[in-house]
Amino acid sequence: MIGWISALVVVALIAVGAIAYAQLQGNVTTAPLRSDPSSEPLATGDLNILLLGSDTRALASGGYGDDDGSQRSDAMVVAHISSDNTRIDAVQLPRDTLTDLPACEDTGRGSFDGGFGMLNSALEYGPACSVAAVEQLTGLTIDHFVQIDFEGFIGIVDAMGGIDVCLPQALTDGHAQLDLPAGAQSIDGTQALALARTRHALAEESDVARLGHQQMVLSAIVQKATKTDVLVRPDRLYAFLDAATSSMTVDPGLGALTDLAGLAARVANVPMSSVTFLTMPTTEAPQDRNRVVPTADADVIFRALLDDVPVVLTTDEVEEDATVRTAPVRILNGAGVAGLASRVSEDATGYGYTVSGLANADAADLTVITAADTPDAQQTAQALASELGLAVTVQTGDVEGVQLLLGADYTELTSQPRATPPPSRPVDAVNRSADTDLCTA
């Protein structure tokens, strides 16, 4: 959503003039991306932007409960913009995800000692704490964040003249102030917020279940934001930008309209068909059946974003070699680094390989991949080397399946830039493209 908002800023810089520009610039609020500003990365190449929907009740209007001073992130989305500006993958992180939360220094809302808990609770200690928690969960580096509250979301949708949605059945939820009929319809900001928030109107009544509605709402916003009537009408354009900039809290790297314009230059040409919303795959948490934890498919998605390669979904029509990961892989630790075989096994399992065993081996200087003289073993070994980033030649030997011997050079090998990004195996995740007809999905 921030990408398409930013695209409109480019038009606004020309259309609204110096006075309006100053007004819009004065609207923007900033907060630290990290507790130590000197550690903030230089945002180049591919970008990861964390979108945070705050449930704070510190609002001008009533109807959303009493303000107790707390805030959590009801919605969390990691929007990945590829380095070649050809695609955007927006991954929703369920708020009920249980994870190890890192300690956070005080950036304005107190410090946090860290501990095991729900991902959405990190926002209580400020957006920098949410950034740290998401980075630890995903392994990604977050380059920017954008935070918005209930009123800001309502204001943005209303300034656009509402959005169009299509519901397969009527939805009623008194908790979320939702009452919508079935079918295609135009809704205002209050109704859009209720649709994105509702749980009790759904059979599952879960946080994960409502993420599908959030995908629909986000798609509708993207579709409406790119329509001509928003872009060419100065009154609607300025109202939209005024509502957007007034409601956002961003990191200093996005604190100037020129920064948003620079972001816009990257995303403006991304076709809606290449903007994909998908939900992080989860499973029931062992500690609490009402909470979730990421699955191996989630690891594959985050690895694809880290490597800046497309996320391949099981619904995609792609030709996949069914034998590429079928041979079992045995991992031997000859590097003398405690736990190295286990860590590499986790990486391999995340990519979809079957690890048949782990063992220590005699000290070895070189990392060696050996495969049996069969097509499936050879293909598995080649793919494993590529996905682990190992610039080694696969050897043929008398082994069962594939054997990976980790030598003393393993750390140096994997620290080198990869000649080609590794492929991503297909994953099963709830998803939709931003251009999907709202009445067909």
Side-chain angles (χ1 to χ4, degrees), residues 1-8 49-55 64 73-79 88-95 120 146-173 175-202 204-227 230 240 243-244 247-248 267 272-273 275-280 429-441:
M1 187 175 77
I2 183 58
W4 292 105
I5 290 173
S6 302
L8 297 182
I49 303 174
L50 178 60
L51 310 181
L52 297 167
S54 170
D55 73 350
Y64 294 101
S73 45
D74 257 10
M76 289 167 284
V77 178
V78 176
I88 297 174
D89 295 308
V91 183
Q92 299 168 290
L93 307 177
R95 69 167 195 171
N120 72 332
V146 178
Q147 179 180 326
I148 192 170
D149 59 27
F150 291 165
E151 288 180 336
F153 181 84
I154 292 171
I156 288 174
V157 174
D158 284 344
M160 299 171 69
I163 58 174
D164 299 322
V165 297
C166 191
L167 303 178
Q169 59 186 19
L171 295 176
T172 303
D173 180 358
H175 295 276
Q177 304 176 34
L178 176 69
D179 186 7
L180 294 175
Q185 58 201 288
S186 180
I187 60 176
D188 62 19
T190 300
Q191 293 169 317
L193 177 64
L195 180 58
R197 294 184 63 219
T198 184
R199 285 186 298 162
H200 298 289
L202 308 174
E204 300 91 337
E205 293 195 8
S206 69
D207 174 57
V208 174
R210 70 175 170 181
L211 294 180
H213 281 165
Q214 291 182 4
Q215 287 186 6
M216 177 194 296
V217 170
L218 288 171
S219 295
I221 288 174
V222 171
Q223 292 182 21
K224 187 62 176 286
T226 56
K227 285 187 176 180
V230 176
F240 176 84
S247 63
M248 286 192 281
V267 305
M272 286 197 296
S273 59
V275 179
T276 304
F277 300 103
L278 61 157
T279 300
M280 179 184 79
V430 176
N431 68 91
R432 73 184 298 143
S433 171
D435 69 339
T436 301
D437 189 312
L438 296 172
C439 282
T440 61

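Worth saying up front: this structure is predicted, and the values here are computed from it rather than measured.
To the nearest 0.5 Å, atoms CZ (Arg95) and CG (Asp55) are separated by 7.5 Å. Distance check: Leu195 CG to Thr190 OG1 gives 12.5 Å after rounding to the nearest 0.5 Å. Atom CD1 in Ile187 sits 7.5 Å away from atom CG in Leu167 (nearest 0.5 Å). Rounding to the nearest 0.5 Å gives a distance of 4.5 Å between CG of Asp179 and OG1 of Thr172. Between the CD1 atom in Ile88 and the CE atom in Met272 there is a gap of 12.0 Å [rounded to 0.5 Å].
A side-chain donor-acceptor contact under 3.5 Å links Gln214 to the backbone of Ala196. A donor-acceptor pair under 3.5 Å is absent between the side-chain atoms of Asp173 and the main chain of Leu178, judged by distance alone. At least one donor-acceptor pair under 3.5 Å links the side chain of Lys224 to the backbone N or O of Gly162. Without hydrogens or angle criteria, Gln185 side chain to Val165 main chain gives no donor-acceptor distance under 3.5 Å.
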Any chance you could lay out the side chain to side chain donor-acceptor pair (under 3.5 Å) test for Gln215 and Thr279, step after step, and finish with the verdict? CA-CA 9 Å; Gln215 287 186 6; Thr279 300; 3.1 Å; yes
What verdict does the side-chain contact (heavy atoms from CB on, under 4.5 Å) test give for Phe153 and Ile221, after you've listed the backbone C-alpha separation in whole Å, the side-chain angles of each residue and the deciding distance to 0.1 Å? CA-CA 11 Å; Phe153 181 84; Ile221 288 174; 3.8 Å; yes
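The side-chain heavy atoms of Pro94 and Met280, taken from C-beta on, include a pair separated by under 4.5 Å. Using a 4.5 Å heavy-atom cutoff, the side chains of Asp188 and Val157 are not in contact. You'll find the side chain of Phe150 reaches within 4.5 Å of the side chain of Asp74, heavy atoms only. Contact annotation: the side chain of Met76 approaches that of Leu52 to within less than 4.5 Å [non-hydrogen atoms, C-beta and beyond]. Using a 4.5 Å heavy-atom cutoff, the side chains of Ile156 and Ile148 are in contact. Looking at heavy atoms from C-beta onward, Val430 lies out of side-chain contact with Leu211 at the 4.5 angstrom threshold.
Annotation for Val222 and Ala434: closest pair CG1-CB, 4.1 Å, computed over non-hydrogen atoms. Here the shortest heavy-atom pairing between Met216 and Cys166 reads CE-O, 3.3 Å. When all heavy atoms are compared, the tightest approach of Ala220 to Asp164 is CB-O, 3.3 Å.
The residue from Asp437, Asp435, Thr436, Asn431 that alone fulfils the side chain to side chain donor-acceptor pair (under 3.5 Å) condition with Ser433 is Asp435.
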